[in-house]
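Taking it in order: structure first as structure tokens, then the write-up.
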Amino acid sequence: MLPTPITTISLDGRTFYIKRDDLFDFYLAGNKFRKLYTLLQTPKKDLTKVISYGGTQSNAMVAIAALCKEKGWTFEYYTKPVSSFLKEQKKGNYIDALNFGMQHIELEENLYRDFVASLSVTLDEKTFVIHQGGANKEALFGLEVLAQELLQANVKFDAIATPSGTGTTALFLAKNIPHVKVYTTPCIGDVEYLKTQMLALEPTLPKNLVILEPKQKYHFAKPYNHFFAIYEKLLDAGVEFDLLYAPAMWEALLEQTKETVLYIHSGGVSGNATMQERYVRKFSVMPPK
Ligand SMILES: *Cc1c(COP(=O)(O)O)cnc(C)c1O
């Protein structure tokens, strides 16, 4: 199970190392598994329930659902009202999470906001709250374990790379491995927004953390034709990555870096089924496989 393997791929005449955190589990994968590491180590009897909230296609949601099924814990997931289109989907993270036993509770917009705010007050000791995207201090430990695995691996690399949403992964990784350069790029919002998110977790940003500016302004989860091209290029090179975060990170790495880079696979492949459908509808691309 651990450490996850490190493989290589060749792209544009360069060799990249890939830390295969996608292989830990199809659902409990990538940085979500690292951020949930503390919970994964928690004995079954210590908890009865996990509560979280956020988007209905989220990789964090399905990762928590898989973990709770494994542990026998109840999983309550709160969202704003969702469309009937989503509920009718036959594949993707939402339906998979329901199949793992997730209890989905929809709240009206303002009730949702109040509910999320109320979650900072401790409930009972057998209930654990995970904030949106897993952006909390508990994530630090799992990323310490990842850093140890990288240091003990017998590979030589000049820099590490991983894409950012909340920035929790890139920030904590950089903090745990201070002598190695860590590249990231914002996939949600711009560089300024990413820095603000990170500074909510840490008073200062580590010097070895390098935020690459995306080539253009991207809107999160919007299909871009050249993102699909990058996804397919990576697939041809031998590894499937997600369609939301990985394309922007790879684009930035290929265009803005030259060193030997070790890319931390951040998971999210379980969300590709629904993203592929959107690409097919929008650009009439052929879905792979
Ligand atoms: C959640 C996620 C990210 C972003 O992780 P943060 O720690 O929020 O920056 C990146 N890639 C994938 C595939 C994800 O699911």
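Worth saying up front: this structure is predicted, and the values here are computed from it rather than measured. Counting starts at 1 for both ligands and their atoms, following the listed order.
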| query | With backbone taken as N, CA, C and O and side chain as the heavy atoms from C-beta onward, which portion of T168 lies under 4.0 Å from ligand 1: side chain, backbone, both, or neither? | reply | both
| message | Using a 4.0 Å cut-off to any heavy atom of G267, which atoms of ligand 1 qualify? | response | 13 (C)
| field | Mutual orientation of the aromatic rings belonging to F241 and H265 [parallel < 30°, tilted 30-60°, perpendicular > 60°] | value | parallel
| How does T169 reach ligand 1, by side chain, by backbone, by both or by neither, if only non-hydrogen atoms under 4.0 Å count? | both
| Got the closest protein heavy atom to atom 8 (O) of ligand 1, with its distance? | T166 OG1, 2.5 Å
| note | Quick note on ligand 1: atoms under 4.0 Å from a heavy atom of G165 include exactly 4 (C), 5 (O), 6 (P), 8 (O), 9 (O)
| query | Are there more than 12 heavy atoms of other residues, nucleotides or ligands under 6.0 Å from atom NZ of K175? | reply | no
| Pair Y218 and H226, ring centroids less than 6.0 Å apart | yes
| Would you say G167 contacts ligand 1, with heavy atoms under 4.0 Å as the rule? | yes
| Which residue owns the protein heavy atom closest to atom 12 (C) of ligand 1, what's the atom, and how far is it? | Y245 CD1, 3.2 Å
| Distance (rounded to the nearest 0.5 Å) between I160 CD1 and I177 CD1 | 4.0 Å
| query | Does the D242 side chain pair with the main chain of L244, one donor and one acceptor, at a distance under 3.5 Å? | reply | yes
| Which residue holds the protein heavy atom closest to atom 11 (N) of ligand 1, what is that atom called, and what is the gap in Å? | S266 OG, 2.8 Å
| request: Say whether K35, considering both its backbone and side-chain N or O atoms, lies within less than 3.5 Å of an N or O atom on ligand 1. | output: yes
| message | For F128 and W73, I'd like to know if the aromatic rings sit close, meaning centre-to-centre distance below 6.0 Å. | response | no
| Against heavy atoms of K32, which atoms of ligand 1 measure under 4.0 Å? | 1 (C), 2 (C), 3 (C), 14 (C), 15 (O)
| said: Using the ring centroid of each side chain, check whether Y231 and Y279 are separated by less than 6.0 Å. | reply: no
| Euclidean distance, D158 CG relative to T260 OG1, rounded to 0.5 Å | 4.5 Å
| How close does the nearest protein non-hydrogen atom get to atom 5 (O) of ligand 1, and which residue and atom is it? | N31 ND2, 3.1 Å
| Taking non-hydrogen atoms only, is N59 closer than 4.0 angstrom to ligand 1 via side chain, backbone, both or neither? | side chain
